[in-house]
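Have a look at the structure below before the remarks.
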Amino acid sequence: GVTAKIAPSMLSSDFANLASEAERMLNCGADWLHMDIMDGHFVPNLTIGAPVIESLRKHTKAYLDCHLMVTNPLDYVEPLGKAGASGFTFHVEISKDNWQELVQRIKSKGMRPGVALKPGTSVEEVYPLVEGANPVEMVLVMTVEPGFGGQKFMPEMMDKVRSLRNRYPSLDIEVSPSLISFCNFSWALWDGIAGIGLGEVCTKVDGGLGPSTIAEAASAGANCIVAGSSVFGAPEPAHVISLMRKSVED
Ligand code: DX5
Ligand code: ZN
């Protein structure tokens, strides 16, 4: 069996107050802190690197779940290992021929290796990395184009989660959608119905309101839930985190 891991994406946090934002999320019940590391080349955005992870590590013992949207992940293994990163998830779209060496190096620095796949990449691409001699320990299924938070959830990605769950029952499968992006949604309504669980919560889908994405992701088999805008945008992040956990563990 797998356990739920709720990982707020710090991309949506106030980077000028990263340590206190991290503490706030942990006090709201977060299991992991999802750190989006972008190089401005693999994705058209530039965020943080090892120096920031190193500084944050001085303020928290939390699991730092680093998501590397970078063209040369091998370059960052040493610096991030030293900085105190906990998880190191690279993208399968980078050169696949040296992924064994990459996974080996990640493990040798005491970090947990994971692989991520973009919406356009077929799920079969990651099978060799899960089944290989030196397997990754988590697969991150992107349900938005990497680079920015607050995008629309792509429900068609749930087929990849289902395939992975069926093939690897105890694998950690992380999804990184914009789980609940409130656009024309009133928090009063949310608080009114939150008690009856996420399944009934409507979220924005193409501007309208559709079935909850977290329930969809959880029922497809995802157990690690990354969310940025839906958590940081909520008046009560603890409420959202506990409802997400409930949705995965029910
Ligand atoms: C996107 C990042 C995600 C993103 C999630 O490139 O990998 O982690 O920050 O944030 P939301 O939940 O706002 O889509
Ligand atoms: Zn991410």
Side-chain angles (χ1 to χ4, degrees), residues 5-15 18 21-22 25 28 30-49 52-53 56 63-71 73 76 80 85-94 111-121 136 138-155 157-158 160-161 172-183 185 198 201 203-206 212-218 222 224-234 237 240-241 243-244 247-248:
K5 297 287 180 206
I6 309 302
S9 164
M10 300 308 282
L11 182 66
S12 300
S13 73
D14 170 8
F15 273 124
L18 192 57
E21 289 280 75
M25 284 300 121
C28 288
D31 296 295
W32 293 352
L33 298 175
H34 186 77
M35 312 302 298
D36 288 309
I37 295 179
M38 302 180 190
D39 65 0
H41 183 258
F42 182 77
V43 292
N45 198 358
L46 181 61
T47 57
I48 58 169
V52 174
I53 298 296
L56 179 60
Y63 187 95
L64 301 180
D65 171 39
C66 296
H67 174 195
L68 279 94
M69 289 159 274
V70 302
T71 303
Y76 301 95
L80 280 171
S86 313
F88 187 113
T89 300
F90 59 90
H91 266 266
V92 72
E93 295 86 3
I94 54 127
M111 296 181 285
R112 193 169 186 242
V115 67
L117 60 160
K118 291 162 63 168
T121 303
V136 296
M138 179 173 81
V139 174
L140 165 55
V141 177
M142 293 295 297
T143 55
V144 294
E145 270 311 315
F148 300 90
Q151 301 173 69
K152 265 198 313 290
F153 177 74
M154 298 163 80
M157 295 300 128
M158 292 304 101
K160 296 183 189 177
V161 175
D172 267 350
I173 303 173
E174 186 174 53
V175 291
S176 158
S178 56
L179 280 169
I180 311 169
S181 33
F182 295 92
C183 142
F185 185 90
L198 274 166
V201 173
T203 62
K204 170 183 77 87
V205 175
D206 296 332
S212 153
T213 53
I214 172 80
E216 215 172 328
C224 300
I225 306 294
V226 175
S229 47
S230 61
V231 174
F232 282 92
V240 180
I241 291 174
L243 281 171
M244 285 182 190
S247 197
V248 170

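Basis for what follows: all heavy atoms, side chains included, without hydrogens, waters or symmetry-related copies. One is the number of the first residue; the rest follow in order along the sequence. Indexing begins at 1, ligand by ligand and atom by atom, following the structure's order.
- Numbered from 1 in the order shown, with element, the atoms of ligand 1 that lie under 4.0 Å from a heavy atom of Phe148 read 1 (C), 6 (O).
- Side-chain atoms of His67 and Asp65 include no donor-acceptor pair closer than 3.5 Å.
- Each of the atoms 8 (O) of ligand 1 lies under 4.0 Å from some heavy atom of Val226.
- When NE2 of His34 and ND1 of His67 are joined through the Zn ion (ligand 2), the resulting angle is 110° to the nearest 10°.
- Proximity of Ser9 to ligand 1, defined as any heavy-atom pair under 4.0 Å, is confined to the side chain (atoms from C-beta onward).
- Annotation for ligand 1: atoms under 4.0 Å from non-hydrogen atoms of His34 are 8 (O).
- Taking a cut-off of under 4.0 Å to the non-hydrogen atoms of His67, the atoms of ligand 1 that pass are 7 (O).
- Every N/O-N/O distance between Ser230 and ligand 1 stays at or above 3.5 Å.
- The aromatic rings of His91 and Phe42 sit tilted relative to each other, their planes meeting at an angle between 30° and 60°.
- Contact between Pro73 and Phe88 at its shortest, heavy atoms only, is O-CZ, 3.4 Å.
- Shortest non-hydrogen contact noted between Met157 and Val141 is O-CG1, 4.1 Å.
- Residues Phe148 and Pro44 share a closest heavy-atom pair of CZ-O, 3.4 Å.
- For ligand 1, the atoms lying closer than 4.0 Å to a non-hydrogen atom of Met69 are 6 (O), 7 (O).
- Selection from Gly147, Gly150, Ala227 by nearest heavy atom to atom 6 (O) of ligand 1 gives Gly147.
- Pairing each heavy atom of Val240 with each of Ser230, the nearest pair is CG2-O, 4.0 Å.
- Taking every heavy atom of both residues into account, Glu174 and Ala7 meet most closely at OE2-CB, 4.3 Å.
- Between Leu80 and Ile37 the shortest side-chain heavy-atom distance falls below 4.5 Å.
- As for Asp36, its N/O/S atom nearest the Zn ion (ligand 2) is the one called OD1.
- Applying the 4.0 Å criterion to heavy atoms of Leu11 picks out, from ligand 1, the atoms 9 (O).
- For ligand 1, the polar-atom distance check against Pro146 finds no nitrogen or oxygen pair separated by under 3.5 Å.
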